[in-house]
Enquirer: 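Please read through the structure below; I'll follow up with questions.
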Amino acid sequence: MQALVLEKKGELSLRDIDLPLEVGPDDVKIAIHTVGVCGSDVHYYTHGAIGSFVVREPMVLGHEAAGVVTAVGANVKNLKVGDRVCMEPGVPNMNSRATKLGIYNVDPDVRFWATPPIHGVLTPEVVHPAAFTYKLPGNVSFAEGAMVEPFAVGLQAATRARITPGDVGVVIGCGPIGIMTALAALAGGCSRVYISDLSAPKLAIAGQYPGVHPVNITERPLAEVVSEETEGWGADVVFEASGSPRAYEGIFDIVRPGGTLVLIGMPVETTKFDVAAAIIKEARIETVFRYANNFDRAVNLIASGKVDLKPLVSETFDFARSIEAFDRAAKGLPTDVKLQIVMPG
């Protein structure tokens with residue numbers, strides 16, 4: 001079966017690979033239709049590792065996916081052949097303490113697509129547990145279905161923030177996750193969200209959405225804008241989605257007293273922040289690692305029309321051009337938000 005294989009750091013190939021396709025009683029088989037190119041996929045390609053996860057043998061890439069059910073296991077009642085679906089890529093140990101607590105995303109045993117040594121889904125067919133496979137409503141496209149995964153990160157952040165209706169939000173970082181976090185924050189009750197970045201093209205894309213206010217920090221400090229817009233009070237909720245250690249310099253200047261800081265972006269180096277500044281404001285700090293228990297809510301929000309992810313798809317590539325798609329993603333063009341790959345069929 002053909003797949004996009006990361007042979008080793010910096011080397012991709014489209015080739016046949018033997019992947020398990022046996023459908024267990026609780027599984028479904030899915031013909032993959034659309035796969036998003038994620039920053040983590042690109043990072044494995046360019047760096048060969050993310051933290052302790054190191055590519056030591058060839059690995060199929062891709063974890064943001066949607067497709068069509070082609071077979072169902074004997075115990076599966078909620079899905080049938082022909083259903084259009086998206087899939088949650090992390091499968092926990094169902095007997096773990098984390099899973100029983102409902103925080104299966106932090107289960108140490110979780111098996112996550114395209115995270116070494118687990119293969120991803122840039123291949124025509126996959127088998128996946130039905131419990132982590134979600135039917136797409138008729139008005140949700142495959143392209144949108146393949147963006148449920150990154151949107152779920154934003155939704156996890158908005159959930160952890162415990163937004164109160166009318167809150168003022170700030171998102172630092174205008175990449176795909178930053179923009180989707182801003183949209184999730186609005187859907188979750190924020191009256192408006194300011195989003196900051198150095199990239200004018202990305203800010204222009206985010207600024208198309210009502211309620212999202214772009215802030216170009218090459219022109220004006222974010223703290224100055226937030227202070228002016230909140231009459232010196234500060235933002236109720238600040239989401240750090242850039243992963244840049246520099247973002248933490250003065251970050252509590254933009255959080256209101258008693259406000260919340262939600263950490264999403266994962267710095268690749270040790271990061272300093274001002275503990276005293278956090279304590280003086282009694283700021284609440286929350287962290288986000290992927291998502292748990294919100295894929296279905298993400299699908300519902302997209303289907304309702306309250307969240308429109310379609311403008312975030314910058315270009316779609318045929319599977320045969322997958323390597324080209326990854327090389328384009330690795331360039332980090334300022335006009336690109338989400339690149340997707342469509343499988344033949």
Enquirer: Kindly give the heavy-atom pair with the smallest separation between D27 and V76, and that separation in Å.
Expert: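 Between these two residues, the closest heavy atoms are O-CG2, 3.4 Å.
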
Enquirer: So that I can tick it off, tell me whether E11 and K8 are bridged by a salt bridge, with the cut-off set at under 4.0 angstrom between side-chain N and carboxylate O.
Expert: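 Salt bridge present between K8 and E11.
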
Enquirer: Strictly by modelled atom types, are R192 and Y194 linked by a side-chain donor-acceptor pair under 3.5 Å?
Expert: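 Result is yes, a qualifying pair exists.
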
Enquirer: Out of the candidates T230, L261, V225, V238, only one should pair with V170 under the side chain to side chain contact (heavy atoms under 4.5 Å, CB included) rule; please name it.
Expert: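 Passing option: V238.
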
Enquirer: Under a 4.0 Å threshold between the charged nitrogen and the carboxylate oxygen, would D318 count as salt-bridged to R321?
Expert: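 Result for this pair is no, no salt bridge flagged.
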
Enquirer: Indicate yes or no: at least one non-hydrogen side-chain atom of V307 is less than 4.5 angstrom from one of F151.
Expert: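 Yes. Closest side-chain heavy atoms under 4.5 Å.
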
Enquirer: After noting the C-alpha distance and the side-chain angles of R220 and E228, does the key distance pass the salt bridge (Lys or Arg N to Asp or Glu O under 4.0 Å) rule?
Expert: CA-CA 12 Å; R220 217 175 151 203; E228 183 178 293; 2.6 Å; yes

Enquirer: Check this for me: does any side-chain nitrogen of one of E88 and R290 sit under 4.0 Å from a carboxylate oxygen of the other?
Expert: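 No, E88 and R290 are not salt-bridged.
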
Enquirer: Please confirm whether the ring centroid of F273 lies under 6.0 Å from the ring centroid of F252.
Expert: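 Centroid separation for F273 and F252: below 6.0 Å.
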
Enquirer: Side chains of E149 and H63: closer than 4.5 Å at any heavy-atom pair?
Expert: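 E149 vs H63: side chains touch.
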
Enquirer: So how far is it from H128 NE2 to C86 SG, rounded to the nearest 0.5 Å?
Expert: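 Those atoms lie 9.5 Å apart.
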
Enquirer: Are the charged groups of E315 and K338 less than 4.0 angstrom apart, N to O?
Expert: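 Salt bridge: no.
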
Enquirer: What are the two closest non-hydrogen atoms of F295 and M87, and how far apart are they?
Expert: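 In this case the closest contact between F295 and M87 is CE2-O, 3.5 Å.
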
Enquirer: Does D83 use its side chain to pair, donor to acceptor, with the backbone of K80 at less than 3.5 Å?
Expert: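 Answer holds: yes.
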
Enquirer: Find out whether P137 and V299 are in side-chain contact, i.e. whether some heavy atom of one side chain is under 4.5 Å from a heavy atom of the other.
Expert: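 Yes - at least one pair of side-chain heavy atoms lies under 4.5 Å apart.
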
Enquirer: Evaluate the criterion side chain to side chain contact (heavy atoms under 4.5 Å, CB included) for residue pair V85 and I30; output intermediate values, then yes/no.
Expert: CA-CA 8 Å; V85 294; I30 301 143; 4.2 Å; yes

Enquirer: Are E144 and S141 close enough that a side-chain donor and a side-chain acceptor fall under 3.5 Å?
Expert: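 Distance-only check passes for E144 and S141.
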
Enquirer: How many angstroms lie between atom CG of L312 and atom CG of D336, to the nearest 0.5 angstrom?
Expert: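 Separation between the atoms: 12.0 Å.
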
Enquirer: Going by distance alone, is a donor N or O of one side chain under 3.5 Å from an acceptor N or O of the other, for D26 and N75?
Expert: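 The criterion, which ignores hydrogens and geometry beyond distance, is satisfied for N75 and D26.
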
Enquirer: Show your reasoning for whether side chain to side chain contact (heavy atoms under 4.5 Å, CB included) applies to V153 and T181.
Expert: CA-CA 7 Å; V153 178; T181 297; 5.6 Å; no

Enquirer: With side chains defined as the heavy atoms from C-beta onward, is the minimum distance between T164 and D236 less than 4.5 Å?
Expert: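 SC-SC contact between T164 and D236 ruled out.
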
Enquirer: For residues N216 and T218, is any side-chain donor paired with an opposing acceptor at under 3.5 Å?
Expert: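 Note: N216 and T218 side chains meet the donor-acceptor criterion.
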
Enquirer: Would you tell me whether Y45 and D327 have side-chain atoms, one donor and one acceptor, within less than 3.5 Å of each other?
Expert: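 Side-chain D/A pair, Y45 to D327: present.
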
Enquirer: For the residue pair T123 and L4, establish whether any side-chain heavy-atom pair is separated by less than 4.5 Å.
Expert: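 Side chain of T123 against side chain of L4, heavy atoms only: no contact under 4.5 Å found.
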
Enquirer: Going by atom types only, do E7 and S13 share a side-chain donor-acceptor pair under 3.5 Å?
Expert: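 Yes, S13 and E7 have a side-chain donor paired with an acceptor closer than 3.5 Å.
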
Enquirer: Can I172 and I251 be said to form a side chain to side chain contact (heavy atoms under 4.5 Å, CB included), step by step?
Expert: CA-CA 10 Å; I172 300 170; I251 198 166; 3.8 Å; yes

Enquirer: If only side-chain N and O atoms count, and only distance matters, is there a donor-acceptor pair under 3.5 Å linking E240 with S242?
Expert: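 Yes, a side-chain donor-acceptor pair sits under 3.5 Å.
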
Enquirer: Taking the six-membered ring for Trp, is the centroid-to-centroid distance between F132 and Y104 below 6.0 Å?
Expert: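 When the ring centroids of F132 and Y104 are compared, they turn out to be within the sub-6.0 Å range.
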
Enquirer: Applying side chain to side chain contact (heavy atoms under 4.5 Å, CB included), run through V168 and C190 and close with a yes or a no.
Expert: CA-CA 6 Å; V168 173; C190 277; over 6 Å; no

Enquirer: Would you name the heavy atoms of I32 and A65 that are closest together and state the gap between them?
Expert: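 Reported closest heavy-atom pair: CD1-CB, 4.3 Å.
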
Enquirer: Any idea which heavy atoms bring A182 and I195 closest together, and the distance?
Expert: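 For A182 versus I195, the nearest heavy atoms are CB-CD1, 4.4 Å.
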
Enquirer: Enter the distance from C174:SG to I205:CD1 here, rounded to the nearest 0.5 Å.
Expert: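 Answer rounded to 0.5 Å: 7.5 Å.
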
Enquirer: Taking T260 as the fixed residue, which of R162, R160, R284 is the one that meets the side-chain hydrogen bond (donor to acceptor under 3.5 Å, both in side chains) rule?
Expert: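 Answer to the side-chain hydrogen bond (donor to acceptor under 3.5 Å, both in side chains) test with T260 among R162, R160, R284: R284.
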
Enquirer: Would you call K202 and D197 a salt bridge, taking side-chain N to carboxylate O under 4.0 Å as the test?
Expert: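 No salt bridge links K202 with D197.
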
Enquirer: Test your reading of the model: is there a side-chain donor-acceptor pair from K281 to the backbone of V255, 3.5 Å cut-off?
Expert: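 Checking the backbone N and O of V255 against the side chain of K281, a donor-acceptor pair under 3.5 Å is found.
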
Enquirer: Can you see which heavy atom on A66 is nearest to which on L136, and at what distance?
Expert: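 Of all heavy-atom pairs spanning A66 and L136, the closest is CB-CD1, 4.3 Å.
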
